[in-house]
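Any value given below was found using the heavy atoms of this structure, including those in side chains, with hydrogens, waters and symmetry copies removed.
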Amino acid sequence: TNSNNNYDSSKGIFTCEISGIYQFFYHVHVKEANVWVALYKNDEAVMYTYDEYTPQYIDHASGTAILHLDENDKVYVQLPAEKSNGVYSSEYMYSSFTGLLITPS
């Protein structure tokens with residue numbers, strides 16, 4: 001719900017206000033190209049997800065990670081390679097990026 005406005009939807013970046021343990025999830029649809037997605041913390045990739053496109057199908061790529069964040073840490077999803085940019089969305093298919101605070105520290 002972004003109740004503290006820590007997620008900037010125009011940039012796709014979550015900025016931590018409360019230090020603690022967080023869980024992040026992302027899910028993307030893939031069409032007409034391979035996709036390589038990375039979850040970043042402070043400009044450093046934490047994990048990658050790759051999906052090789054299957055012709056005539058819409059594929060999916062997802063990931064989840066549990067991270068310790070300090071105040072002002074930034075977390076976001078990005079495509080680390082221009083060639084693997086098959087992220088697809090439409091009126092009925094969405095990509096998502098979600099995070100939640102598990103426990104403050």
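Taking every heavy atom of both residues into account, Asn6 and Glu17 meet most closely at ND2-OE1, 3.1 Å. Taking all atoms of both residues into account, the shortest heavy-atom contact from Tyr40 to Ala45 is CD2-N, 3.4 Å. Closest heavy-atom contact between Val75 and Leu67: CG2-CD1, 4.4 Å. Taking every heavy atom of both residues into account, Val28 and Ser95 meet most closely at CA-OG, 3.5 Å.
Remark: Asn4 pairs with no residue by the side chain to side chain donor-acceptor pair (under 3.5 Å) rule, at least two apart or across chains. Residues passing the side chain to side chain donor-acceptor pair (under 3.5 Å) test with Gln23, sequence neighbours excluded: Thr64. Legend: residues meeting side chain to side chain donor-acceptor pair (under 3.5 Å) with Ser10, ordered by chain and number and at least two apart, are Asp8.
Taken together through direct or relayed side-chain contacts under 4.5 Å among Ile, Leu, Val, Met, Phe, Trp and Tyr, Met47 and Leu69 form part of one hydrophobic cluster. Under a hydrophobic-cluster definition in which Ile, Leu, Val, Met, Phe, Trp and Tyr are linked whenever side-chain heavy atoms come within less than 4.5 Å, directly or via other members, Ile21 and Leu100 are assigned to the same cluster. Under a hydrophobic-cluster definition in which Ile, Leu, Val, Met, Phe, Trp and Tyr are linked whenever side-chain heavy atoms come within less than 4.5 Å, directly or via other members, Val37 and Tyr7 are assigned to the same cluster. Residues Leu101 and Tyr26 share a single hydrophobic cluster, defined by chaining ILVMFWY side chains whose heavy atoms lie under 4.5 Å apart. Following chains of ILVMFWY side-chain contacts shorter than 4.5 Å, one cannot reach Ile13 starting from Val77, and the two form parts of different hydrophobic clusters.
Side-chain atoms of Lys41 come within 3.5 Å of backbone atoms of His68 as a donor-acceptor pair (strictly under, hydrogens ignored).
Within the 4.5 Å cutoff, side-chain heavy atoms of His60 are placed close to those of His29. Two residues are said to be in side-chain contact when any heavy atoms from C-beta on lie closer than 4.5 Å; Val46 and Phe24 fail this criterion. Under the 4.5 Å side-chain criterion, counting only non-hydrogen atoms from C-beta, Tyr76 is not in contact with Thr15.
Distance CD/Gln78 to CH2/Trp36: 11.0 Å, rounded to 0.5 Å.
Checked options Phe25, Phe97, Tyr22; the residue passing with Phe14 is Tyr22 (criterion: ring-ring contact (aromatic ring centres under 6.0 Å, His included)).
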